[in-house]
Amino acid sequence: MTENPSKPPGHSSIVCPQCGYPLHEDDRICPHCGIDLMMVALLAERSYLEGYPEAAPIASAPQALTPRIGEYLLDHGLINKEQLDAALEHQQKISAQGQHCLLGQILVDLGSVEPETLDRAIGQQILSLHAALQEANRSLERRVAERTAELRQALKRLTELNRLKANLIANVSHELRTPLAQIKGYIELIGGGDLGPLTAEQESGFDVLTRACSRLEHLIEDLIEFSTASREGLVLKPQAVDLKTLILEAIEQSQKKADKSQISLKAILPEYLPKAYIDPDRIKWVLLQLIDNAIKFTPAEGHVTLEAISSGEVSRISVSDTGIGFPIDRTNELFEPFHQLDGSSTRHYGGTGLGLALVKLILDTHGVELHVESEPGRGSTFSLSLPPATGES
Ligand SMILES: Nc1ncnc2c1ncn2[C@@H]1O[C@H](COP(=O)(O)OP(=O)(O)OP(=O)(O)O)[C@@H](O)[C@H]1O
Ligand SMILES: [Mg+2]
C-alpha cells in the first residue's frame, strides 16, 4: 500500500480505501493512487455479502447501512418533500403498468434533480456504504479475536483438567497398591497352608477371593500404566523380535481363559515370519488384550484365531473372533479410555474399558496402525502390521 499522503486543503473527510488519500465528494478515481472508487465500493460490498453470511447481527445489511436515495436527497436538501412524493407516486403508477424504473431516474425525468447531482449522491452513498462495511469487517475481526482468546483459554483449562485427572488416577492407583500387597501376602499364606488347613467350603471361597484379587491387581496395573503413559508418554525398549515365539506365548497365556469360556483358540502361522523391530513386552501385552477381548465378546462354542502373514519383510498379525461384533461406525469409541460400547447398567461383560485405550497408545508409540473390521452378530478382526527388524538386529 502507498504511504498516506497529507490532506490537501478544502477536501472532505472521506479517504481512499487503497491509499488513505483524502477525497473530494466528486472524485470517481483516486487522484493519488488512481484506483476506481466505484469498483472498490462494489467489490467490497460483494465480498462482504458473500464472505460473511452470518454477520447479520452486526446490523450491517446494505439497506441498514445507507438510507434510500429519495431520503438521502431529501435529507441533503437536494429535493423537497413534494418532489419526492410526486416521484414516488409516478413510480407506483408505472409499476402498476408492469414497468420498472428507479426512483433516481424518475426524479431526473421529472426535472427535480440534475443527473450530475444524482450521480454524486449515488457515489456518496457507495462511499459511505464502503466505510460502513469496513467498520463491520473490523467489528467481525474483533469478534474473531475475542473468540480465539476464549477458545485458547478453554483449551488451557481442558489441558489442566486432563493433567489433574491423570494425577488423580496415578495417586489413587498407587495408594491402592499398598493394601493390595497385604491382601496378596495373606492370600499366599492361607493358600500355602501356613495359617492352618482349609475346609472344602473355605477353599472354594478362597478361589473366588484369589481370582478377584488378581483381577484387582490387573486393573490397578492398567490404571497406573495408563496414567503414567498419558503424563510422561511411553518409553519403548525396541529390539529384533521373533514373532512366532511371541504369538505362541500369547496363545499359551490365554488358553486357560479360552477353555473356561468354551472358545477354540488357535494360531495360523506361516513357515517363515521375519523378525520385527518392536518392544516385545508391550506388543505381547497388545496381543493379550486383543485375545482377551475376542474371548470375552464371543459366546461359548465360538472361535478366536490369531493369524500371521508376511509380505516382504513386514509381518501382519490379526486377531479374529466369531463374536458379537459392533457397528463399524462406532470404532472410534472403542479407543476412548473407560468407555465400553455396552455401557448400560445391564451390560454382562466385565472390564473397565481401558484395554484398547492402552493398546492404541502402545501402537501409536510404535508408529503402528490398528486396522479394525467388524459386523454385529458376525465377529471382529483387529490387525496390525509390524515394522521389520532389517538392519536393526
Ligand atoms: N472383539 C470385540 N468384539 C466386540 N466388541 C469389542 C471387541 N473388542 C472390544 N470391543 C468393544 O470395545 C470396548 C472397549 O474395549 P476395551 O478392551 O478397551 O475395554 P474392556 O474390554 O471392556 O475392558 P478392559 O479391557 O479394561 O478389561 C468393549 O467394552 C467392547 O464394547
Ligand atoms: Mg479389553
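All ligand and atom numbering here is 1-based and tracks the order in the structure. We use all heavy atoms of the structure for the numbers below, so side chains are in, but hydrogens, waters and symmetry mates are not.
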task: Applying side-chain contact (heavy atoms from CB on, under 4.5 Å) between Ile187 and each of Ile190, Ile183, Leu189, report the one that passes.
output: Ile183
message: Taking only non-hydrogen atoms of Gly323, do any sit less than 4.0 angstrom from ligand 1?
response: no
message: Heavy atom to atom 15 (O) of ligand 1, shortest distance: which of Leu219, Leu356, Ile295 holds it?
response: Leu356
- request: Tell me which one of Val372, Asp321, Leu354, Val359 gets a heavy atom nearest to atom 1 (N) of ligand 1.
  value: Asp321
message: Test your reading of the model: is there a side-chain donor-acceptor pair from Gln91 to the backbone of Cys101, 3.5 Å cut-off?
response: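 It does hold such a pair.
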query: Within the side chain of His90, is there an N or O that forms a donor-acceptor pair under 3.5 Å with the backbone of Ala86?
result: no
Sub-4.0 Å atoms of ligand 1 with respect to non-hydrogen atoms of [X]:
X: Gln340; answer: 20 (P), 22 (O), 23 (O), 29 (O)
X: Leu334; answer: 12 (O), 14 (C), 18 (O)
X: Leu341; answer: 29 (O), 31 (O)
X: Gln289; answer: 25 (O)
X: Phe382; answer: 1 (N), 8 (N)
X: Lys296; answer: 20 (P), 21 (O), 22 (O), 23 (O), 27 (O)

Heavy-atom check, side chain of Leu306 versus side chain of Lys266, under 4.5 Å: no
Is [X] close to ligand 1, meaning an N/O of one under 3.5 Å from an N/O of the other?
X: Gly355; answer: yes
X: Gly325; answer: no
X: Asn293; answer: yes

Between [Y] and [X], is there a salt bridge with N-O shorter than 4.0 Å?
X: Glu146; Y: Arg143; value: no
X: Glu135; Y: Arg138; value: yes
X: Glu160; Y: Arg157; value: no
X: Glu221; Y: Arg177; value: yes

- prompt: Does Leu74 belong to the same Ile/Leu/Val/Met/Phe/Trp/Tyr cluster as Leu107, with side-chain heavy atoms less than 4.5 Å apart forming each link?
  reply: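 Yes; Leu107 is reachable from Leu74 via cluster members.
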- request: Sorted by first residue and then second, give each ring pair (Phe, Tyr, Trp, His ring centres under 6.0 Å) pair with at least one member in residues 289-336; sequence neighbours left out.
  value: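 Only Phe297-Tyr349 qualify under ring pair (Phe, Tyr, Trp, His ring centres under 6.0 Å).
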query: Considering only heavy atoms, does Glu333 approach ligand 1 within less than 4.0 Å through its side chain, its backbone, both, or neither?
result: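 No part of Glu333 is near ligand 1 at this cut-off.
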- request: Let me see the working for Arg211 and Asp207 under salt bridge (charged side-chain N to carboxylate O under 4.0 Å, His left out), right down to the final yes or no.
  value: CA-CA 6 Å; Arg211 278 200 304 277; Asp207 282 347; 5.3 Å; no
query: How many N, O or S atoms of the protein are nearer than 2.8 Å to the Mg ion (ligand 2)?
result: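 For the Mg ion (ligand 2), protein nitrogen, oxygen or sulfur atoms under 2.8 Å: 1.
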Side chains of Ser318 and Ser383, donor plus acceptor under 3.5 Å: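 Not at all, the side chains of Ser318 and Ser383 share no donor-acceptor pair under 3.5 Å.
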